[in-house]
Amino acid sequence: MNPNYPFSEIEKKIQIEWESSEAFSVNEGSKKPKFYTLSMFPYPSGKLHMGHVRNYTIGDVISRFKSMNGFNVMQPMGWDAFGLPAENAAIQNKTAPAKWTYENIMHMREQLKELGLAIDWKREIATCSVDYYKWEQWLFITLYKKGLIYKKTSTVNWDPIDQTVLANEQVIDGKGWRSGGAIERKEIPQYFMKITDYADQLIEGLDSLEDWPEQVKIMQRNWIGKSTGCEIEFNVIGSNEKIKVYTTRADTLMGITYLAVAPEHPICRRLSNSIKIQDFINDCKKGGVSEAEISTAEKKGIFTGIYVEHPLLNNKVPVWIANYVLINYGEGAVMAVPAHDDRDYEFAKKYNLPIKQVVENERGVAEDAYTGPGLLINSGEFDGIDNSDAHNKITQKIESLGKGGLKINYRLRDWGISRQRYWGCPIPMIQCNKCGDNPVEENDLPIRLPENVEIDKSGSPLKKMQDFVKCKCPVCGEEASRETDTLDTFFESSWYFARYASYDQENAMLDNRAKYWLPVDYYIGGVEHAILHLLYARFFNRVLFDLKLIDNQEPFKKLLTQGMVLKNGTKMSKSKGNTVDPNDLIKKYGADTARLFIMFAAPAEQSLEWSDDGIEGAHRFLKRLWKIAYQNINPVSSIKVRAELIDSKSESELKYKLNATIEKVTDDLERRTSFNTAISSIMELVNLLTKKQSDNNISESLKKDTINIILLLLTPFVPHITKELWGMLNLDSKIEDQPWPTVDKSALIKDEVVVVIQVNGKLRGNMVISPDTEEGTVKEMAISNEGVVKFITDDTKIIKVIYVKNKLINIVIK
RNA sequence: GCCGGGAUGGCGGAACUGGUAGACGCACGGGACUCAAAAUCCCGCGCUGGCAACAGCGUGCGAGUUCGAUUCUCGCUCCCGGCACCA
């Protein structure tokens, strides 16, 4: 045995062994209960980064821990392979997106394998392969026929110079990232999925997700944004038109001083003869579509010349167009109550509109809006009523007048799934001049995406490919054209977790194996996916459930949202030159060291500050582990141990620590998901064992047991070194066959405890007592304690004594 | 702007249910081994004062609840994630 830790050699050897024995290949025939661990699949950008290492190590630790605890564990891997970066790379390097993507996948697969992950590679999928996306097209058609997919116009970022649609991230300060041209909002027809039909289910489902982080559930709930409010119709004066508004503050109805509508509101159409208003509306089209951009823009408005009638007061209320009103929330119009809404207040101040207070508060509304609770004033028959009561009473009144009433509203909008891009799954629809839009016949699937293409800056090349576009209408058989938009890549990532189970099924999207493996028991990925990906995946899962393709309503039983890997406080990125290449680390220290450090450096949910120095410490620990095992296999001198010489106190100290560590590590992995503290407690045990290594009062067998248990506890984190050392220490067994160690409770019984003594909450001493010593005795001991007596003089009075059993005593004096 | 999260020594972090703040690791300082260096091992290490014993202060800022607050409540500051076409 090599006295130095030969990580490179052993990792390569063991990885070859795992690969040739298909050590992590699983199927449905096992008697053990199933456990499905999944890490969010990567976009094949070309190079693995530390965020991936963190994500996949967490998944691997959980997988291996569950295996040792008797589960039939599946851990698959695949590629989220469609998307924008391939098109950008294609423009830059003049390579086809398909070629670029497949080369990246090959490279990243090799990098992943060097990490020694317990992955069942036979299940590998790539979403850009036709075997995968043909089922997506099948699903699209199925859902289109069910009415869950429809077409409508909606807004995109339009770059008028490059003549192309831009993603939000490609719009920088309202300008196109390549062209620098001012971006406009443009309406184009697109396909939508009716996720709003599932809004209530998606809210209620959150309650069943006990093992999801609370903040993710809160974010999703807020995103869906179910609110109960009041819809109110305003009659337009001098016309029989009506403007509907939605409000959650019907109590402030008497405080309305104007109505604000979105620039896209239908009422604006009849203002086409006013050049000033048209200019304003056109001006509102400038800039990108993102909500962040719209809501941080300076508030602007213009009076329309239109008045509506107040439903209760019957006075004239002016109608303004305002850029802060969103067309896709509520009715695209709001009743403005400047006194009690911050945005309305700011707008009213800017345009000198009146501010009428209707909810009482001490400060008034001279400085800012008051949005809190209170009694109504200036509201006629509703004066003196608490505003939450008033909300209900006014809603009822509106209802009785036939001018609206109670309404449930959602912030969630239907999911736009069309993308004006090339590198994505073709939408299987055909446009016919006679018959309109119709889905492709199921027999004609898949619609293959042509892979040998040249990309330029101006949009999708599919539109220019006559071979692709020309087709026959499935209804009338006449010449028609194929849809050239592709699907949002969130479509692929919304069901990949199910396909891993039925990875090689050629005749259906999913089969019974999906019913065996789903739901995912443990899902690990970045917090940045807390809303969109996770909400779309939950939605899809319910759709698949309704199609009876799977048996579970929620896709992910337990969720762990991992934090980002930072260097010098910022995200690692090529442009900042602060990237760390995982494969350089593996070359220098080995995969085990890289895995151990990334799990040790910070709690999984928090962002991790990368440190080149820190990794040395992790490596040093593994070297010490190697050495201590080496000393046990090859003892320097043969110490003769006689049972009667063994000091039971020294042994029981090690036994206590050993069992306390098993208990701690198990709890950290099972309940707390606290990997860093699990590792530090194993380090403590190794430190103690090192200290006791030459202690003749401890039997060799206890030392050996301790090392064996350390190896088992470390296996999920550092599977190569532990397998190697186990093999050398235990010639007759394999570490793969070992169960997770169990705690010997009897070793954890203490015969003395330390109680700390405080005076007025300040630490002044401590004492060793036997557990369960009577409270009175403990108090007496505490008061007469050496560190305590000097604080208790003749003129101090003991007011009270608080005793926390076997832990702490606080003497309160005056 | 809206939603969610975070802030603890020189650094990464620990303290799990309101009960000893700083476990474990890094960096640093001192020592051992060595011709020397690396590696390894041992000791020290929150700040201030003090030779020391010890005392005071200390968990982003400001208040509050409590015998006792890193932990709970309220009000701020700064940083990070998301905001529907990055994935």
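Each chain gets a letter, A, B and so on, in the order its sequence line appears, and its residues count up from 1. Small disclaimer: the values here were computed from a predicted structure and weren't measured.
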> Given the P atoms of B/G25 and B/C80, what is the spacing between them in whole Å?
Replying inline: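 The answer is 32 Å between these two P atoms.
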>> In whole Å, measure the gap between the P atoms of B/U20 and B/A69 for me.
In response: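 My reading of the P atoms in B/U20 and B/A69 gives 11 Å.
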>> Can you list every stem that RNA chain B is part of, counting only runs of 3 or more consecutive Watson-Crick or G-U wobble pairs with both distances under 3.5 Å?
In response: B:1-7 with B:77-83, B:10-12 with B:24-26, B:28-32 with B:40-44, B:46-49 with B:54-57, B:60-64 with B:72-76
Decide whether [X] and [Y] meet the rule of one side-chain donor and one side-chain acceptor closer than 3.5 Å.
| X | Y | value |
| --- | --- | --- |
| A/Ser179 | A/Asp159 | yes |
| A/Thr196 | A/Asp414 | yes |
| A/Tyr523 | A/Trp212 | no |
| A/Asp488 | A/Tyr536 | no |

OP1 or OP2 of [N] versus the side-chain N and O atoms of [X]: is any pair under 4.0 Å?
| X | N | result |
| --- | --- | --- |
| A/Asn168 | B/A84 | yes |
| A/Lys186 | B/C85 | no |
| A/Arg672 | B/A15 | yes |

> Are the aromatic ring centres of A/Trp495 and A/Tyr132 under 6.0 angstrom apart?
Replying inline: yes
> So, for A/Tyr5 and A/Tyr630, is the gap between ring centers shorter than 6.0 Å?
Replying inline: no
Would you tabulate the pairs of protein nitrogen or oxygen atoms and nucleotide nitrogen or oxygen atoms of nucleotides 24-28 of chain B closer than 3.5 angstrom?
unit_1: B/G25; atom_1: OP1; unit_2: A/Asn687; atom_2: ND2; d: 3.1
unit_1: B/C26; atom_1: OP1; unit_2: A/Arg620; atom_2: NH1; d: 3.0

> Given A/Gln420, which of A/Leu462, A/Thr486, A/Leu166, A/Ile188 fulfils the side-chain contact (heavy atoms from CB on, under 4.5 Å) condition?
Replying inline: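 Only one of A/Leu462, A/Thr486, A/Leu166, A/Ile188 forms a side-chain contact (heavy atoms from CB on, under 4.5 Å) with A/Gln420, namely A/Ile188.
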> Within 45° of the axis and under 6.0 Å from the centre of the six-membered ring of A/Tyr803, does NZ or CZ of A/Lys779 qualify?
Replying inline: no
>> If you assign A/Leu608 and A/Met564 each to the RNA chain B nucleotide with the nearest heavy atom, which residue ends up on the more 5' nucleotide?
In response: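 With A/Leu608 and A/Met564 compared, the 5'-side residue is A/Leu608.
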>> Among B/G4, B/A84, B/C86, which nucleotide has an atom closest to any side-chain atom of A/Pro85?
In response: B/C86
Separation of [X] atom [atom1] from [N] atom [atom2], in whole Å?
| X | N | atom1 | atom2 | value |
| --- | --- | --- | --- | --- |
| A/Ile427 | B/C85 | CD1 | C1' | 13 Å |
| A/Glu187 | B/C85 | CD | P | 14 Å |
| A/Gln606 | B/C79 | CD | P | 19 Å |
| A/Ile531 | B/C80 | CD1 | C1' | 15 Å |
| A/Leu487 | B/C86 | CG | P | 16 Å |

>> Can you tell me whether the side chain of A/Gln170 and the base of B/C85 have a donor-acceptor pair closer than 3.5 Å?
In response: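 By the distance-only test, no, there is no pair.
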> Do the side chains of A/Val718 and A/Met599 get nearer than 4.5 Å, heavy atoms only?
Replying inline: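 Sidechains of A/Val718 and A/Met599: no contact.
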